[in-house]
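Structure first, commentary second.
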Amino acid sequence: MNGNIYQPVEMRIERAKDEAPEVRTLRLAFAHAPDREAFFRRYRVGMFGLYGVPGEGESTFCVASPPGRDYIECTFRRAGRVTAALLDREVGHPVTFRGPYGNHFPIESWRGKDLLFVAGGIGLPPLRSVIWNILDRRAEFGRVAVVYGARTVADLVYKDELAGWAGRSDVELVTTVDPGGETPDWKGRVGFVPTVLKEMPAAAPGAAALVCGPPIMIRLSLPVLSGLGFRPTAIYSTLENRMKCGVGKCGRCNVGGVYVCKDGPVFTLEEIQRLPQADL
Amino acid sequence: MKSLSADRLQDLAAALSAAGYRVVAPVEADGVVRFAPWSPGAAIRTDAVPVNSLKDVFFPPSEAIGRWRRSGDGFDAIETRPEAPKTAALAARPCDVAALAMLDAVFNWDFRDSFYDARRAATVVAALACSEADEECFCTSVGGRPDAAPGADALLRPADGGRTLIVEPLTDQGRDLAAAASGVLQDGAAAPDAPPEVRRRFDIGRVGAWLAGNFDSPLWKELSLPCLGCAACAYACPACHCFDIQDESGPNGVVRLRNWDACGLGLFTLHASGHNPRPDQASRWRQRVMHKLAYAPERFKVAACTGCGRCGRVCPRGMSLADTAERIAAAAAPAAGPAAGVPA
Amino acid sequence: MSPTPSLREDAARLLREGRVKLVIGYRAHAGGGQGPAVPEGACRAPLAGGGGRRPAFIEEAHRAGELVFDGACSQNLAAYLKKPEVRARMPLAIVASEAVGRSLVSLAAESQFAQGALLALAFRGERYEGVKEVEELAALAREAAPEPRRDPDIGRRLAELAAWPAQRRAEWWSARFSRCTRCYACRAACPGCYCQRCVTERNVPQWVSTAALGHGNYAWNMIRAFHQAGRCTLCGACASACPQGLPLMLLNTFLAAQAAEQFDVEAGLDPAAKPLIGTWDPEDDNSFFT
Amino acid sequence: MSQAGAPRITAFVCNWCTYAGADLAGTSRLQYAPEVRIVKLPCTGRISPLFILKAFEGGADAVLVSGCHPGDCHYTSGNYHARRRWGLLRKLLDLTGIDSRRLQFSWISAAEGQKFADLINDLTAKVREAGPFAGANPARKRLAPAPEEAQGPRRES
């Protein structure tokens, strides 16, 4: 039991899909079956991993795909050295992975309950794993509504999946783009997420809301969610602090008494509000 | 009672070296006393607090934690093991030994860090009780004392006015060490010297109470103004343990290194997007103080400060954790008693 | 007569009249005293504690009485001009020893603060010279040091090094650089190291390894010194700040001497000086080219 | 071709003069030592001290920096700027153990193919005489990614 906890496993890029400008989804297959089994034994939606290219480093993103697949997916935007290196890798190339790390959404406690997903831009990936996890077990949950917005139509990620969800009768999907971001053939809404969110039905008893996106969107959405009847203990989000180790050692993600990599990344609004200097 | 003439510490080191230990001790090079590998002939300095701490033995400034060989478009991982030779750390100060509780906790609280653990397991720590304290020392303010080193494997206690060191084994490893050095140890009584007086600078309880409610205090800005944002304090600190992970490549392969890092450096929390949740030195200095005296006690039940005073000794601007804690304790004072000016 | 009363009066007046928002100076450390004698080699940056002197940041006239000045005020306060928190309080005044004064002149030459944004409460030795604009500070500096001042001891050590074979020099420096922990106290303490993002923190590509290992430490110490060539005023702040006691002043003095010898440049004397690196002369030394 | 003990020489050259000179040496079929690796930059003004340090870090036995003669810079003054930097840098590196046998500077025009070939031959001979730098190089990266890499033959890359 004295292995190197910083040693990643080898993955192979199975598919690469450009979602939006400089935003790509990689589907990664485990090079070795025991690594895959170990991963899926522990993986629950909300957890994150460190994706790497030896020589460039590792970068932290959520796992954007649900359990029950034989691969994992991540969606990221070009930001620094590691994401640039990941974007350079092609299908068939190996990359490295460590994880899953962190806590997860309390999905079992939501059985029979309504769920409202609120996402902006590149904030959809952390919720996408939850949405698919729910859809995989659709009958166990109540109503599922998704409000998703981006600055422009081009910035919407998972466009194919959005089309798929729009066509389902058991998912209520509202997509919106910021004013000025629409295209002539845009069929969705025009307006900011918090504005569109106001039109959603009030929370049913036990309903949970999951919010992920730019800080300003989250900040403005919270009062709207309160207005809809969601209590701070029923609103969930994920924190994206900078991390290096992912395993509660390097100190980078420490905020207040919390190590985001261990105690998070999933927090309720109530927990986030107790953190000092939370970015909300 | 086993003891050793104080001027025979080098002989003790030599005996341990002959017994297969790598000896690490305070030795001087170029006018600076550092905790470093001892080599025959080097004087072991017990009169000066080394500029670096015992931490370096277990958690070096840079070490490899991963290796790959390139092959085509891919990489072959090469197993990377810690370098952990059998080591004796001699004459570590009680404050340095006390910090091991913090390091042990963070490197093992969930995932176990095999690099740290291997060296911890391979190292026997023989502490040296202090016979002097300077104005930066404040172990007694954070629950420590200069003449006891819980967590050490053995204690060298000055006696007979500094002429003798009593060797007190505290663990089996310490007894092994004493056995390995039996040739240079003598039997007989010695009178332990009185420990030095280490001034109590602040009430840790009062500081903790203030920290709990003053995250947004304007005092942070004031306290942090002299700070220039380097990592001298953190790297000298026996309990600071933050690190960075960086890859270094060559034509044939890659080494992944873990390098020390510090919350006082502006880039520590800078996101690739350009956003920085700790955008100024006030928030960074607050993080350092909070982490040591509030977050670590809350999470690990141990303060990440043992009062060694190195931060005050190395800071280019003469700042120190003790000064900050003193200021905080003073700020907390009015609230501790009946609030002044408030009608009963 | 002690200079302190007039220093305090000037500082209070500048604040009261609203000419500056902040005065940066020195105060006595509350803990006070020199403490017990420190054994040779003990953990202590030589000037860090500064004989019980600490930086003081005074924003209210009534606090000007905290200011002190004497020979123990050795920290180079010009380094604070790097801090955004300090820059936000311009115009400001700085208590300027000769060393601080030269740093300020050098920073003025590099356009690091706007005209009128900074006044100096200038000292020559321990004699108070009054409130000075940068040009007057430069005149003081030229008057105080008509000839370049170099530490003769450092000169001797450099001559000794120069006489060694290259391999011995490499080994000698490697042994010293091996102690560098990359705490960047040298950079932090230096008024001239004001890049918002230091070259060692640029990682695309990573030119300077951040590892505290031989190659990273060599590259870092070379680049730090080289970036100061022709700019360093030899105040010694970097060397005083170095917890490991690295002989940084050997590098700085060597480069300052080279700058003087090759290009007739002496930093910190002329606020209108053109930067050494960044300008050129067709007559520059060409002898090392084949 | 690479052989054990062959000196590794990195040459940073400008695009307009020295690279063209090297090209001329090639098209003129002049023989010169093959150990030099040429890195072409737009101008000597672009050759940062960091490049030179990086070359030594990576194990160069010597570094050559070469560009247009003074007055001939394609960008008017790039080589003048560079000359000033190197006047200081080479002294600093010399002080710390990288002496002038390991770091050389030259001006070679597009017409000077013969000068380029001669220089490379001369430099190579000098570096051979000085011997491998590895042991004494203060800038050298001494991290072995693979344990066997340290002893293994250098790979052509």
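A, B, ... follow the sequence lines: proteins, then strands. Residue 1 opens every chain.
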Problem - Nearest heavy atoms of B:S224 and C:K83, plus distance in Å - result: O-NZ, 3.0 Å
Completion exercise
Taking a cut-off of under 4.5 angstrom between non-hydrogen atoms, the residues of residues 56-66 of chain B near chain C are B:P61, B:S62
Completion exercise
In terms of heavy-atom pairs under 4.5 Å with chain B, the winner among C:P247, C:S209, C:G245 is C:S209
Practice task
Among the options C:T181, C:N203, C:L246, C:V86, pick out the one with the most heavy-atom pairs lying under 4.5 Å from chain B.
Solution key: C:T181
Problem - B:A98: partners by side-chain contact (heavy atoms from CB on, under 4.5 Å), with sequence neighbours left out - result: B:T306
Problem - Minimum side-chain heavy-atom gap C:R187-B:L228 below 4.5 Å - result: no
Fill in the blank from the handout: If one checks every heavy atom of C:L77 against chain B at 4.5 Å, the contacting part turns out to be both
Exercise for the section: Answer yes or no: does atom CZ of C:R202 have more than 12 heavy-atom neighbours from other residues, nucleotides or ligands under 6.0 Å? Expected result: no
Exercise for the section: Grab the two heavy atoms, one from C:P243 and one from B:V32, that are nearest each other, plus how far apart they are. Expected result: O-CG1, 4.2 Å
Exercise for the section: Write down the atom of B:A232, the atom of C:A185, and the distance for their closest heavy-atom approach. Expected result: CB-CB, 4.1 Å
Exercise for the section: Using a cut-off of 6.0 Å, state whether more than 12 heavy atoms not belonging to C:R63 lie near its atom CZ. Expected result: yes
Problem - More than 12 heavy atoms of other groups within 6.0 Å of C:E59 CD - result: yes
Practice task
Indicate yes or no: does B:D30 engage C:R179 in a salt bridge with an N to O separation below 4.0 Å.
Solution key: yes
Problem - Side-chain (C:R54) to main-chain (B:M319) donor-acceptor, under 3.5 angstrom - result: no
Practice task
Please report the closest heavy-atom contact between B:V51 and C:Q244, naming both atoms and the distance.
Solution key: CG1-OE1, 3.7 Å
Practice task
Give a yes or no on whether B:E197 atom CD has more than 12 heavy-atom contacts from other residues, nucleotides or ligands under 6.0 Å away.
Solution key: no
Problem - Test log, rule side-chain contact (heavy atoms from CB on, under 4.5 Å), inputs C:L213 and B:N259 - result: CA-CA 10 Å; C:L213 298 171; B:N259 302 324; 5.8 Å; no
Problem - Pairwise side-chain contact, C:Y80 with B:R317, heavy-atom cut-off 4.5 Å (strictly under) - result: yes
Handout entry: Considering all heavy atoms, the nearest C:F57-B:L225 contact
Key = CZ-O, 3.6 Å
Exercise for the section: Side chain from CB out, backbone as N, CA, C, O: work out which of these in B:E222 comes under 4.5 Å of a heavy atom of chain C, or both, or neither. Expected result: neither
Practice task
Could you tell me which portion of B:A322 (side chain, backbone, both or neither) has an atom closer than 4.5 angstrom to a non-hydrogen atom of chain C?
Solution key: neither
Handout entry: Pick from C:A175, C:P84, C:A211, C:C186 with the largest number of heavy-atom pairs that fall under 4.5 Å of chain B
Key = C:A211
Completion exercise
Rounding to 0.5 Å, atoms CG (B:L270) and CZ (C:R197) come to a distance of 6.0 Å
Completion exercise
Between C:Q206 and B:Q246, the two heavy atoms sitting closest are OE1-OE1, 3.6 Å
